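Chain identifiers are assigned alphabetically (A, B, ...) following the order of the sequence lines, protein sequences preceding nucleic acid strands; residue numbering begins at 1 within each chain. These numbers were taken from a predicted model, which means no experiment stands behind them. All heavy atoms count here, side chains included; hydrogens, waters and symmetry mates do not.
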Protein chains: 2
Amino acid sequence: MTSTVGLSSLLIEADTTEEGSWAVDRLVPASVGLLSLPTILHALSDPVRLRIVSQLADGSERTCGSLDVPVAKSTCSHHFRVLREAGVVSQRVDGKCRFNRLRSDELEQRFPGLLAAVLRAYESSDPSRA
Amino acid sequence: MTSTVGLSSLLIEADTTEEGSWAVDRLVPASVGLLSLPTILHALSDPVRLRIVSQLADGSERTCGSLDVPVAKSTCSHHFRVLREAGVVSQRVDGKCRFNRLRSDELEQRFPGLLAAVLRAYESSDPSRA
DNA sequence: TCCTCGGTACGACGAGTATCGAACAATAAC
DNA sequence: GTTATTGTTCGATACTCGTCGTACCGAGGA
């Protein structure tokens, strides 16, 4: 796999070689070159996911439960899965928590200005979450 | 309605007052303030629609049939409807033709940089249509 | 008038999606 | 070991979407 860090921390990435592990269907696009624009736009076209992404926009790592989203936790987990599979977010497992972060750098490298424009648009269109 | 031009040309806009006319369900968001970010991102998240938008990016007016899209004409019409209802495109009827144009200015006013970033991302990710 | 042409409407089909509750798994705390 | 916490998975439901063929409509041209 791409990288593992010490202790109980594990970075889940697409180029993992552990076929059969539970992480297999949790893949994230391996390299920035594989990020698909339609897939990313679709991932960002849902209000709940936009809200999630907005709360990750400061670069912080957030757990599923620490987010302010008006859906059941299973639904939240689903949305994170969509974001991960689109390559918008990556997940790091640490103990019993899963820390999610925006893949800002990778997205910026592949699609310069895109995420920033979407986030700016979101902040300007939803004053309650600005 | 917002505006009509002379001759047989008719601009289809949302603030039309013709309840019951055939144009009623072909509405385009009335003002730039009503454009919805999730709706726009959804409209742009389909490969065919991205291709359409890309071909309108030079500011030209194009008819449905003059576009290079690999779908049936009814499907193309459907995609234009989605784009219109999201406010991404507006349509002008002239004779037996419907001319579509990108609402670049309105989008730029409401969500600065968004359309440009998407178009740039598209061109860079799909060399065959660049 | 009849026919063609550009486009839309409609119905159908298969696929995908957003949502939830409940069950499950893994870790941490007791 | 038992319990609590955190998040995923599964099944179910209702809805949406992309696609097509066909039928239809309005405008022009024969």
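E108(A) meets the salt bridge (charged side-chain N to carboxylate O under 4.0 Å, His left out) test with no other residue; sequence neighbours excluded. Not counting sequence neighbours, S77(B) has no partner by the side-chain contact (heavy atoms from CB on, under 4.5 Å) test. Listed by chain and number, the residues in a side-chain contact (heavy atoms from CB on, under 4.5 Å) with V82(A) are A43(A), R49(A), H78(A) (sequence neighbours excluded). Residues passing the side-chain contact (heavy atoms from CB on, under 4.5 Å) test with R120(B) are P112(A), A117(B), sequence neighbours excluded.
Note on R98(B): every side-chain N or O is 4.0 Å or more away from OP1 and OP2 of dC5(C). The shortest distance between the side-chain N/O atoms of R81(B) and the OP1/OP2 oxygens of dC17(D) is not below 4.0 Å. Using a 4.0 Å cut-off, some side-chain N or O of Q91(A) falls inside it from OP1 or OP2 of dT8(D).
At whole-Å resolution of the value, CZ in F99(A) and P in dA26(C) are 19 Å apart. The distance from atom CZ of F80(B) to atom P of dG18(D) is 15 Å, rounded to the nearest whole Å. Following rounding to the nearest Å, R92(B) (CZ) and dG26(D) (C1') show an atom-to-atom distance of 17 Å. When rounded to the nearest whole Å, the span between CG of L67(B) and P of dG6(C) equals 13 Å. Put simply, CG on D94(A) is 19 Å from P on dT5(D), counting in whole angstrom units.
Under the 4.5 Å side-chain criterion, counting only non-hydrogen atoms from C-beta, L114(A) is in contact with L37(A).
For the side chain to side chain donor-acceptor pair (under 3.5 Å) with N100(A), the lone residue among Q91(A), R92(A), E61(A) that qualifies is Q91(A).
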In the 5'-to-3' direction, what one-character label does each nucleotide of nucleotides 11-21 of chain C receive under the scheme B = base within less than 4.0 Å of a protein heavy atom, S = sugar-phosphate only, - = no such atom?
------SSBBB
Verify side-chain contact (heavy atoms from CB on, under 4.5 Å) between S124(A) and R110(B), making sure each step is shown before the conclusion.
CA-CA 9 Å; S124(A) 78; R110(B) 181 79 175 93; 4.2 Å; yes
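Between the R103(A) side chain and the G87(A) main chain, a donor and an acceptor come within less than 3.5 Å of each other.
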What's touching nucleotides 1-4 of chain C from the protein side, N or O pairs under 3.5 Å?
none

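For the pair C76(A) and V71(A), the tightest heavy-atom approach, listed with the atom from each and the gap, is N-CG2, 3.9 Å.
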